[in-house]
S.K.: 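Attaching a single structure in structure tokens format; questions to follow.
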2 protein chains.
Amino acid sequence: MNAYFCGMNSLVEENYLKALFTLSQDNNGEVSVNDLSKHLDIKMPTVTNMMKKLAAKKLVHYESYKPLRLTEKGKKEAALVIRKHRLTEMYLVEKMGFGWDEVHEIAEQIEHVRAPEFFAKMDELLNYPKIDPHGSPIPDKEGRIEWNEYSKLSDCKEGDSVIVTAVINTSDEFLKFLNSRAISLGVRIRVEYKEPFDNTMIVSYGQHPREALSHIVCESLLVEKI
Amino acid sequence: MNAYFCGMNSLVEENYLKALFTLSQDNNGEVSVNDLSKHLDIKMPTVTNMMKKLAAKKLVHYESYKPLRLTEKGKKEAALVIRKHRLTEMYLVEKMGFGWDEVHEIAEQIEHVRAPEFFAKMDELLNYPKIDPHGSPIPDKEGRIEWNEYSKLSDCKEGDSVIVTAVINTSDEFLKFLNSRAISLGVRIRVEYKEPFDNTMIVSYGQHPREALSHIVCESLLVEKI
DNA sequence: ATTCTTTGTTAGATTAATAAAACTTTATAG
DNA sequence: CTATAAAGTTTTATTAATCTAACAAAGAAT
């Protein structure tokens, strides 16, 4: 058998779990064999078969003709794969200089690497990020996910009041910039005006009644609406 | 079939090629089925089978009961896998702070990632290194290898004259240190004395008749004997 | 030169992941 | 309430990678 190369729970299994996890978010935990089949581009009989195997491993609840549901164990496994994927995306963007749009395919591959130290190191070098470059939450080492509704400051409207919750870009320059404007996690910001031409925002916060933040900056600040 | 996940030439195939390449260096290009079998920890019949498949793909020359030999195409493929492995090792050490001893297993996994941009980026960030952290040459993008005989300065004896050919550690601090002592690629160094206690070396070069280089420094300098 | 050992090959079987064809269940539309 | 469509399942088959057992060739040792 091939488990030596592909790892204990194979890369194939990881892909099924990830797909189940993703699809189940849109439909309160239930996934149809058909949707899964289409999502993975694998024929339905194959999917049915694999579901029986995953059920035998207590990773999914499976009953004939019923919708599929991940077990708690399955959810955790899936979350850990997603953790590897999102950490990788974050690393590729932050530390290697890839664009947000370029990293998905690469991360799709690297997420299957079996080397905990490697992912732990990325986590450390990124300073234990809670979100990925697209603002999606990164599950923790136990597979737990903080389901916060983050939005980019750049997506807020005039009059919105928000709390800065995370930064996407953690480059030195950006952090220095934030520092120079006394913006840090937890700061409460109000959008006073949004320039239609270049999307620059005039905001107020703390001792700063009127700061201009460029669109680039606003895109890298994730906030929670209040 | 599984090629969608494992890639065009599977990860398994890559491992056979890599092993063939490695083993053939010790024996002017010839490898026995037995050695390959032991090296990969795969039984002989399986190896024979695989050799027939690789022969069908023109990657090895195979004749019953004769030693195995990689074809030119096979050598190139193998070198490209080794390139990915060594680039990865170099990246893990240089950019992520792993120790030389920790990186092999991780690189063993990442070398099978199919994402040319990823390896190209590592290459770029490492400034196109020619050798890996152990001083082994990194094949170029065409799979060509410069077969130079590099040794570490720390392995040289009193009286040896050498030319500095490469540095293993490319950290800012180390490069600054080298700069401060006017050591750069191409400098001709003579080992005057080697302190038995801590392996510090007293060397002479250019305008410097007597510089002391610690063991740590000497281990990071690769040289060509003359 | 005959025997024994090592090395290599063949044949047959297994497992994981897949698909095609045929069949069954559930849902939908008259 | 049937008839049909859609979704799901079963059965059978294929491919890649592996193994064990049995056999064959090459090489070494007397």
S.K.: Quick one: does NZ or CZ of A/K75 land under 6.0 Å from the six-membered ring centre of A/F21, within 45 degrees of the ring axis?
M.R.: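 Relative to the ring axis of A/F21, which defines the angle, A/K75 lies outside at least one limit.
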S.K.: Closest approach to the side chain of B/K43, judged atom by atom: which nucleotide of D/dC19, C/dA17, C/dA21 is it?
M.R.: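 Looking only at heavy atoms from C-beta outward on B/K43, the closest nucleotide is D/dC19.
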S.K.: Is a side-chain donor-acceptor pair under 3.5 Å present for B/K38 with B/N34?
M.R.: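 Judged by distance alone, the side chains do pair up.
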S.K.: Counting side-chain heavy atoms from CB outward, which of D/dT20, C/dT18, C/dG8 is closest to B/M44?
M.R.: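 For B/M44, the side-chain atoms sit closest to C/dG8.
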S.K.: Measuring from the side chain of A/I42 (C-beta onward, heavy atoms only), which nucleotide among C/dA11, C/dA17, C/dA19 has the closest atom?
M.R.: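 Nearest nucleotide to the side chain: C/dA19.
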S.K.: Taking B/E89 first and then B/R86, would you say they form a salt bridge - that is, a charged N and a carboxylate O separated by under 4.0 Å?
M.R.: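 No, this pair does not count.
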S.K.: Write down the distance between CD (B/E14) and P (D/dA16), rounded to a whole number of angstrom.
M.R.: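 Atom CD in B/E14 sits about 17 Å away from atom P in D/dA16.
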S.K.: Applying the side-chain hydrogen bond (donor to acceptor under 3.5 Å, both in side chains) test to A/K18, which of A/H39, A/E13, A/E108, A/H85 qualifies?
M.R.: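 The single option meeting the side-chain hydrogen bond (donor to acceptor under 3.5 Å, both in side chains) with A/K18 is A/E108.
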S.K.: For DNA chain C, find the residues of residues 21-33 of chain B with a heavy-atom distance under 4.0 Å and give them by number; none if there aren't any.
M.R.: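 Residues of residues 21-33 of chain B under 4.0 Å from DNA chain C: B/S32, B/V33.
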S.K.: Need one value for B/K52: base, sugar-phosphate or nothing, where a base atom within 4.0 Å counts as base even if backbone is also close, heavy atoms only.
M.R.: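 Sugar-phosphate contact only - B/K52 comes under 4.0 Å of backbone atoms but never of a base.
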S.K.: Could you check which residues of residues 61-69 of chain A get a heavy atom under 4.0 Å from DNA chain D? Sort them by number, please.
M.R.: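 Going residue by residue through residues 61-69 of chain A, the ones with a heavy atom under 4.0 Å of DNA chain D turn out to be A/Y62, A/S64, A/Y65.
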S.K.: Donor-acceptor check, side chain of B/Q109 to backbone of A/R114, threshold 3.5 angstrom: yes or no?
M.R.: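 Judged by distance alone, yes, a pair lies under 3.5 Å.
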S.K.: Measure from CG on B/N49 to C1' on C/dG12 and round the result to the nearest Å.
M.R.: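 Checked: the CG to C1' distance equals 12 Å.
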S.K.: Considering residues, nucleotides and ligands other than B/K130, do more than 12 of their heavy atoms fall under 6.0 Å from its NZ?
M.R.: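 No.
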S.K.: Nearest 0.5 Å, please: how far is CG in B/L87 from CZ in B/F118?
M.R.: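 Answer for the CZ-CG pair, B/F118 versus B/L87, is 10.0 Å.
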S.K.: Return the nearest nucleotide to the side chain of A/N34; candidates are C/dT7, D/dA7, D/dT18.
M.R.: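 The closest nucleotide is D/dA7.
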S.K.: Salt bridge or not between A/D140 and A/R83? Use side-chain N to carboxylate O under 4.0 Å.
M.R.: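 Between A/R83 and A/D140 there is no salt bridge, as every charged N stays at least 4.0 Å from the carboxylate O atoms.
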